[in-house]
Amino acid sequence: MASRCTHSSRLFMPFLYPSLFRASAASVPRATSLALARNLRYSSTATLEPQHSENDDEARSRLNPAPDDYSNPYFADKAKLNVYAGPGGNGCISFLRELFIPEGPANGGDGGHGGNVYIQAVHGETSLHKLARRRHIRAGRGKHGQGSAQGGQRGEDVIITVPVGTVVTEISRDDPEGERQLIDRAKYKRKRKKDFRNAAALEAPKEEEGVQGTIVEEEPPVNPDLDRWLLYPGISSSEARRVGAELPRLPRRDRLFQQPPAPIYLDLNRPTPRPILLAAGGLGGLGNPHFANKDRPRPMFATKGEPAMSLEIELELKLLADVGLVGLPNAGKSTLLRALTNSRARVGHWAFTTLQPNIGTVVLDNNKGRPSVKSYKRISDAPVDDPFALTGAPDEVEQRTRFTVADIPGLIEGAHLDKGLGIAFLRHVERAGVLAFVIDLGAGNAVKALKALWNEVGLYAQMREDEEADRERAARIDWSPEAGIDNVSMSGGWPASNGMADYPPSAAEPAGLSIAGKPWFVVATKGDLKDTRANFMELRDYCAAVTRGDEPHPSGVQGAWIENVEAIPVSAINGHGVERIVHWTVGLLDG
Ligand SMILES: Nc1nc2c(ncn2[C@@H]2O[C@H](COP(=O)(O)OP(=O)(O)OP(=O)(O)O)[C@@H](O)[C@H]2O)c(=O)[nH]1
Ligand SMILES: [Mg+2]
């Protein structure tokens with residue numbers, strides 16, 4: 001396909017793809033290159049390019065790239081958002097006025113409802129960085145009603161699209177309408193009690209009446225909902241007081257969208273075809289015709305639109321890769337990812353080259369002939385718009401054409417104490433089907449390194465399980481203000497019985513099994529280095545002993561996966577042995 005920006009692409013090329021530029025620079029005629037140099041005089045990146053000698057370039061390859069030969073897409077795996085639903089528009093107070101009808105009937109329009117905020121997990125999104133930058137997300141406000149019975153426009157809805165694998169947690173919410181409903185309900189209960197007591201007092205013996213029977217004149221009640229009404233702006237203050245005292249009760253209104261029960265917790269580990277409601281917009285106010293009757297043909301009031309709910313939510317992305325690479329820094333994880341996939345992850349001979357997760361795809365079948373490996377995966381046909389996926393639907397099998405591999409920053413001993421880059425990145429391999437421990441054969445005892453890695457992973461798993469248990473305990477306490485008030489069916493994708501207490505009881509799993517229960521294997525890399533054979537043999541014997549049960553699982557977790565622990569020797573930099581990793585992984589994935 002022809003380039004869509006032939007002129008500008010040349011200019012931007014060195015900035016975006018320095019290595020490509022170097023390769024093509026030699027073929028650019030001298031006159032052109034001079035012209036380019038002139039154009040790029042102020043471009044610091046072009047002039048500061050490190051110069052490589054010819055020999056240097058020859059030694060370089062896709063698997064042994066220069067440190068600056070990589071692509072670095074924007075990535076964020078956490079975002080905090082303030083979400084505001086749209087407030088409703090006010091109702092209008094207006095009267096028909098025509099040539100021979102000076103005082104016509106009420107014709108104020110209703111206010112529009114505020115917009116809702118939804119969330120939807122879609123394929124194609126891979127990062128939360130755009131949302132992290134936006135921070136505030138607002139749905140449109142409903143427009144006010146107008147004269148001549150014109151209703152206000154509805155506020156625009158907003159759909160937050162997030163990558164599949166995002167977990168949404170509510171931090172706090174401000175729901176003025178929900179709070180008001182609670183207060184109204186409490187007041188109503190108090191009033192009923194008081195009325196009951198008064199009625200009982202009236203039925204009490206009559207002799208006391210002579211002594212205490214003085215009738216107390218009650219003050220005219222002040223309308224408690226005065227702030228929810230709009231009064232005709234043209235009326236005088238005395239008239240306003242009179243109208244205020246005569247205001248009717250606020251009408252009860254049916255809602256199409258109920259606010260989702262607090263606290264929101266959504267694990268969007270599958271795409272959601274229908275957006276899920278996070279915050280419903282406020283109802284629009286009612287115009288003055290709603291309050292006209294034969295005693296009050298020209299109501300001088302209308303209702304205001306409802307204020308909107310706002311939420312503070314946290315989004316956490318857990319990448320959904322099939323295989324997670326776990327290893328110490330500089331072990332060769334990114335090189336292995338390059339060897340397995342088309343990834344352009346950064347490779348460097350220092351620790352912490354990788355600062356953010358990289359995902360690569362291993363293509364098994366590009367549909368251009370026979371697949372390199374035959375593999376089948378189970379697909380569940382549980383309804384994907386069920387945010388809690390509580391239904392146990394039967395599984396189907398389909399041919400696997402690719403699988404994904406996640407390369408994360410290296411772990412060091414003590415990562416759980418927040419040393420190095422910490423263990424936060426382990427959440428990206430937490431959901432992987434298979435874990436591959438990448439061990440550098442040239443960097444000391446491989447068995448020791450494997451044990452150290454499993455120790456960190458085990459501590460991480462325990463931490464996550466404790467967090468999950470805490471969250472579930474909090475969710476089971478039914479403190480939600482909405483619970484038990486209106487049992488109206490939820491719209492916008494929430495299941496009707498969405499009380500958190502309805503969760504199925506969690507299976508009592510031994511601690512740490514969420515990760516230690518996964519199939520795993522060891523990739524012993526840098527096998528091309530001298531004197532690494534003994535180290536590999538020791539590692540292989542250790543893995544065999546673990547499989548036999550002679551050695552405990554390196555994490556120390558009881559019941560961890562030890563079916564067939566294998567150590568596969570590779571030289572990723574030369575692409576040797578990586579085929580075997582593909583076959584082995586597929587075998588474990590197919591289970
Ligand atoms: N000899 C040899 N060197 C390798 C091999 N694989 C990787 N290396 C080198 O090891 C160094 C580190 O490789 P990386 O792939 O960046 O290691 P990493 O595990 O991703 O490192 P971090 O991202 O820092 O955790 C680089 O200089 C690679 O060229 C290999 O199979 N053989
Ligand atoms: Mg790396």
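All values below were derived from every heavy atom in this structure, side-chain atoms included, with hydrogens, water molecules and symmetry-related copies excluded. Just follow the structure's listing: the first ligand is 1, and inside any ligand the first atom is 1. Bear in mind that the values here come from a model prediction, so they are computed numbers and not experimental data.
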- dist Leu450:CG -> Cys543:SG (nearest 0.5 Å) comes out at 6.0 Å
- Message: Side chain, backbone, both or neither: which applies to Ile573 and ligand 1 if a contact is any heavy-atom pair less than 4.0 Å apart?
- Response: both
- Closest to atom 17 (O) of ligand 1 among protein heavy atoms sits Gly332 N, 3.1 Å
- Assign the ring pair His136 / Tyr84 to parallel, tilted or perpendicular, where the plane angle (0 to 90°) is split at 30° and 60°. parallel
- Query: Between Leu529 and ligand 1, which part of the residue brings a heavy atom under 4.0 Å of the ligand: side chain, backbone, both or neither?
  - Reply: side chain
- Query: With a cut-off of 4.0 Å, which atoms of ligand 1 are near a heavy atom of Trp350?
  - Reply: 24 (O)
- Task: Mark up the atoms of ligand 1 that fall under 4.0 Å of a heavy atom belonging to Thr335, in ascending order.
- Result: 6 (N), 7 (C), 13 (O), 14 (P), 15 (O), 28 (C)
- Message: Quick check: Phe352 and ligand 1, any N/O pair under 3.5 Å apart?
- Response: yes
- Task: Using a strict cut-off of 4.0 Å, indicate which atoms of ligand 1 neighbour a heavy atom of Ser571.
- Result: 31 (O)
- Query: Which residue holds the protein heavy atom closest to atom 26 (C) of ligand 1, what is that atom called, and what is the gap in Å?
  - Reply: Gly348 O, 3.6 Å
- Find all atoms of ligand 1 within a distance of less than 4.0 Å from any non-hydrogen atom belonging to Asn64, and give their numbers and elements. 29 (O)
- Task: Kindly determine whether His576 and Asp528 satisfy side-chain hydrogen bond (donor to acceptor under 3.5 Å, both in side chains), including the steps that lead there.
- Result: CA-CA 9 Å; His576 294 164; Asp528 54 294; over 6 Å; no
- Would you say Ile412 and Pro329 make side-chain contact, with heavy atoms under 4.5 Å? yes
- Who's the nearest protein heavy-atom neighbour of atom 10 (O) of ligand 1, and how far? Lys526 NZ, 3.0 Å
- Message: For the CG atom on Asn564, are there more than 12 heavy atoms of other groups (residues, nucleotides or ligands in this structure) within a distance under 6.0 Å?
- Response: yes
- Message: Tell me whether Ala351 reaches ligand 1 (any heavy atom closer than 4.0 angstrom to a ligand atom).
- Response: yes
- Message: Under 2.8 Å from the Mg ion (ligand 2) - does any N, O or S atom of Thr354 fall there?
- Response: yes
- Specify the closest pair of heavy atoms between Arg270 and Ala121, including all atoms of both residues, with the distance to one decimal. O-CB, 3.8 Å
- Message: Counting only heavy atoms closer than 4.0 Å, does ligand 1 sit against the backbone of Thr525, its side chain, both, or neither?
- Response: side chain
- Quick note on ligand 1: atoms under 4.0 Å from a heavy atom of Pro329 include exactly 25 (O)
- Message: Quick check for you: to the nearest 0.5 Å, what is the distance between Tyr460 atom OH and Glu465 atom CD?
- Response: 10.5 Å
- Query: Between Ala331 and ligand 1, does any nitrogen or oxygen pair lie at a separation below 3.5 Å?
  - Reply: yes
- Message: Can you confirm whether more than 12 heavy atoms, excluding those of Glu579, are under 6.0 Å from its CD atom?
- Response: no
- Message: Among all the protein's non-hydrogen atoms, which is closest to atom 23 (O) of ligand 1, and how far away is it?
- Response: Thr354 OG1, 2.7 Å
- Task: Please state which part of Asp440 comes within less than 4.0 Å of ligand 1, counting heavy atoms only: side chain, backbone, both or neither.
- Result: neither
- Please report which non-hydrogen protein atom sits nearest to atom 1 (N) of ligand 1, along with the residue it belongs to and the distance in Å to one decimal place. Asp528 OD2, 2.9 Å
- Query: Under the salt bridge (Lys or Arg N to Asp or Glu O under 4.0 Å) criterion, do Lys526 and Asp440 qualify, and how do the steps go?
  - Reply: CA-CA 6 Å; Lys526 305 198 189 177; Asp440 179 353; 3.1 Å; yes
- Query: Which protein heavy atom lies closest to atom 22 (P) of ligand 1, and at what distance to 0.1 Å?
  - Reply: Asn330 N, 3.6 Å
- Query: CZ of Arg533 to CG of Asn535: how many Å apart, nearest 0.5 Å?
  - Reply: 12.5 Å
- Message: So if I count the atoms of ligand 1 from 1 in the order they appear, which ones are less than 4.0 Å from some heavy atom of His349?
- Response: 27 (O)
- Message: Give the atom numbers and elements of ligand 1 that come within less than 4.0 Å of a heavy atom of Gly410.
- Response: 25 (O)
- Minimum side-chain heavy-atom gap Val457-Phe437 below 4.5 Å: yes
- Please assess Thr547 against Ile562 for the test side-chain contact (heavy atoms from CB on, under 4.5 Å), listing each intermediate value before the final yes or no. CA-CA 5 Å; Thr547 307; Ile562 48 164; 5.7 Å; no
- Item | Protein residue, atom and distance nearest to atom 31 (O) of ligand 1, heavy-atom basis | Ala572 N, 3.0 Å
- Message: For Asp77, run the side-chain hydrogen bond (donor to acceptor under 3.5 Å, both in side chains) check against Gln356, Lys318, Arg427 and tell me which one passes.
- Response: Arg427
- Within-4.5 Å side-chain heavy-atom neighbours: Leu453 and Leu328: yes
- Task: Could you find the nearest protein heavy atom to atom 20 (O) of ligand 1 and give me its residue, atom name and distance?
- Result: Ser334 OG, 2.8 Å
- Item | Residue Asn330, metal the Mg ion (ligand 2), N/O/S under 2.8 Å | no
